[in-house]
Asker: 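Below is a structure I'd like to ask you about.
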Amino acid sequence: MSETRLLDVRDLSTSFVTERGTVRAVDGVSFVLDRGQTLGVVGESGSGKTVLSRSVMGLLPRRNVRREGQVLYDGTDIAGYDEKEMSSIWGAEMAMVFQDPMTSLNPVLRIGRQITESLRFHLGLDKEEARATAEALLASVGIPEPRRRLDEYPHQLSGGMRQRVTIAIALACGPKVLFADEPTTALDVTVQAQILDLLEQQQKERHMAMILVSHDLGVVAGRTDEIMVMYGGNVVEHARTSELFASVRMPYTEALLRSIPRLEQPSHTRLEAIPGRPPNLLSPPPGCNFAPRCRYVQPKCIAERPPLETDPATGHSWRCWFPVGSEANREALDRNLAAGVPVGIPAPGGA
């Protein structure tokens with residue numbers, strides 16, 4: 001095993017058993033994360049990004065959940081750990097910055113109490129040492145007057161300040177892996193940039209591995225080493241960041257890129273949305289999950305699920321019968337345009 005390899009997730013699947021049936025929210029996901037590396041996980045709401053992060057960390061409900069596969073952390077499979085065993089890993093080895101600080105912070109506890117709790121549990125600091133460390137942590141994440149903030153409650157802080165507090169809590173015990181789950185949700189654009197810059201700075205200073213979860217390819221473009229695109233619980237494209245943007249192969253990734261606003265566009269330009277809706281994971285389609293929304297769809301896409309293909313030269317992976325940029329893809333689009341086929345309805349006599 002590589003000395004730099006910190007997290008090795010193999011064929012991880014997570015299903016929720018409901019009254020209406022079983023929802024396979026994460027379906028056979030595999031990836032490797034090295035020390036100091038940043039992986040971006042991208043997709044729409046419902047694609048499985050958050051469930052994947054919580055599955056790796058073991059932060060799932062206790063009932064009506066099935067998790068399969070391996071989660072090798074520093075060479076040890078922690079997928080079968082119970083809550084007591086995981087308590088030594090949460091905070092000290094792996095930590096998470098949640099997307100909504102107003103619900104992840106306890107509204108009836110002072111900020112200082114929420115930070116010092118993990119410091120005393122994992123590091124064995126006494127009350128005064130923990131408080132001094134908490135003050136230093138707040139200062140390190142850019143919160144002014146950190147000593148005074150320790151005695152305040154979450155509702156007394158702005159959204160950006162609350163998110164900085166959640167980052168301080170996550171970093172308190174020096175974790176080796178940080179999950180940042182949509183860390184800029186509900187923040188204005190200026191504060192979003194500040195939070196992302198702060199995460200990047202802390203990640204480099206501490207040489208942490210980080211998984212940055214987002215619905216926006218623009219957010220992860222310049223802040224990650226690799227990008228993994230998820231759709232319907234599956235990985236549909238995975239590549240080094242530069243390779244993915246230089247040579248998009250999955251139509252879903254292409255559609256995400258088309259939906260990003262661009263500075264060079266005139267004011268009031270209509271945004272290009274992805275038509276249709278994500279698949280119903282209670283009864284997913286037999287073929288490609290993205291077929292009903294794909295501009296290149298052919299009968300083969302409706303009938304057969306594509307495997308995850310990998311280019312051995314670049315390590316670039318994608319899940320598509322007619323990958324973007326290929327001759328087969330251009331022919332598929334030409335057939336659909338010629339037949340006037342709406343999105344989601346295969347052209348007659350296709351491949």
Asker: Would the distance check show the side chain of Ser30 and the main-chain N or O of Asp11 forming a donor-acceptor pair, the cut-off being under 3.5 Å?
Answerer: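 At least one qualifying donor-acceptor pair exists.
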Asker: Can you tell me how far the CD atom of Gln194 sits from the CG atom of Leu196, to the nearest 0.5 Å?
Answerer: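 Between atom CD of Gln194 and atom CG of Leu196 there are 10.5 Å.
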Asker: With a 3.5 Å cut-off and no angle check, do the side chains of Thr241 and Thr224 form a donor-acceptor pair?
Answerer: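 Yes, a side-chain donor-acceptor pair sits under 3.5 Å.
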Asker: Would you confirm whether Asp151, through its side chain, and Arg110, through its main-chain N or O, come within 3.5 Å as a donor-acceptor pair?
Answerer: no
Asker: Could you tell me whether Arg330 atom CZ has more than 12 heavy atoms of other residues or ligands within 6.0 Å of it?
Answerer: yes
Asker: Could you go through the side chain to side chain donor-acceptor pair (under 3.5 Å) check for Gln298 and Asn336 one step at a time?
Answerer: CA-CA 8 Å; Gln298 299 293 301; Asn336 285 356; 3.0 Å; yes
Asker: Could you tell me whether a side-chain N or O of Asp27 sits under 3.5 Å from a main-chain N or O of Asn234, the two making a donor and an acceptor?
Answerer: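 No; zero donor-acceptor contacts below 3.5 Å.
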Asker: Check whether any side-chain N or O of Asn329 sits under 3.5 Å from a backbone N or O of Phe322 as a donor-acceptor pair, and report yes or no.
Answerer: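 Confirmed, Asn329 side chain pairs with Phe322 backbone.
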Asker: Would the distance check show the side chain of Thr116 and the main-chain N or O of Gly112 forming a donor-acceptor pair, the cut-off being under 3.5 Å?
Answerer: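 Confirmed, Thr116 side chain pairs with Gly112 backbone.
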Asker: Taking the six-membered ring where the residue is Trp, are the ring centres of Tyr252 and Phe290 under 6.0 Å apart?
Answerer: yes
Asker: More than 12 foreign heavy atoms under 6.0 Å from CD of Glu243: is that the case here?
Answerer: yes
Asker: Do the side chains of Asp82 and Arg62 get close enough for a salt bridge, i.e. N-O under 4.0 angstrom?
Answerer: no
Asker: Look up atom CD in Glu68 and atom OG in Ser15, then write down how far apart they are to the nearest 0.5 Å.
Answerer: 6.5 Å
Asker: Is there a side chain to side chain contact (heavy atoms under 4.5 Å, CB included) between Val42 and Thr253? Walk through the geometry before answering.
Answerer: CA-CA 9 Å; Val42 182; Thr253 310; over 6 Å; no
Asker: Would you find a donor on one side and an acceptor on the other, under 3.5 Å apart, between the side chain of Arg223 and the backbone of Glu200?
Answerer: no
Asker: Roughly how far, to the nearest 0.5 Å, is CE of Met94 from OG of Ser53?
Answerer: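 One gets 11.0 Å once the value is rounded to the nearest 0.5 Å.
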Asker: Mind checking whether His316 and Trp318 have parallel, tilted or perpendicular rings, split at 30° and 60°?
Answerer: perpendicular
Asker: Just by modelled atom types, is the Ala79 backbone N or O under 3.5 Å from a matching donor or acceptor in the Gln70 side chain?
Answerer: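 No, because the side chain of Gln70 does not come within donor-acceptor range (under 3.5 Å) of the backbone of Ala79.
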Asker: Donor-acceptor pair, Arg319 side chain versus Val235 backbone, under 3.5 Å?
Answerer: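 Between the backbone of Val235 and the side chain of Arg319 there is a qualifying donor-acceptor contact (under 3.5 Å).
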Asker: Quick one: pull up CD in Gln203 and CE in Met210 and give me the separation to the nearest 0.5 Å.
Answerer: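 The distance works out to 5.0 Å.
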Asker: Apply side chain to side chain contact (heavy atoms under 4.5 Å, CB included) to Arg249 and Cys320, showing your working.
Answerer: CA-CA 8 Å; Arg249 305 292 280 167; Cys320 184; over 6 Å; no
Asker: Give, for atom CD of Gln37 and atom CG of Asp225, the distance between the pair rounded to the nearest 0.5 Å.
Answerer: 5.0 Å
Asker: Report, as yes or no, whether the 6.0 Å neighbourhood of atom CZ on Arg66 holds more than 12 heavy atoms from other residues, nucleotides or ligands.
Answerer: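 No.
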Asker: Passes side chain to side chain donor-acceptor pair (under 3.5 Å), Thr14 versus Ser55? Steps please.
Answerer: CA-CA 7 Å; Thr14 301; Ser55 297; 2.7 Å; yes
Asker: Taking atom CZ as the centre, does Arg113 end up with more than 12 heavy-atom neighbours from other residues, nucleotides or ligands that are less than 6.0 angstrom away?
Answerer: no
Asker: Would you call Arg131-Glu128 a salt bridge at under 4.0 Å N-O?
Answerer: no
Asker: Hey, is the main chain of Leu109 close enough, under 3.5 Å, to the side chain of Gln114 for a donor-acceptor pair?
Answerer: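 A pair under 3.5 Å: yes.
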Asker: Using a 3.5 Å distance criterion without hydrogens, assess whether the side chain of Glu237 forms a donor-acceptor pair with backbone atoms of Leu244.
Answerer: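 No; zero donor-acceptor contacts below 3.5 Å.
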Asker: To the nearest 0.5 Å, how far apart are CG in Leu199 and CZ in Arg164?
Answerer: 9.5 Å
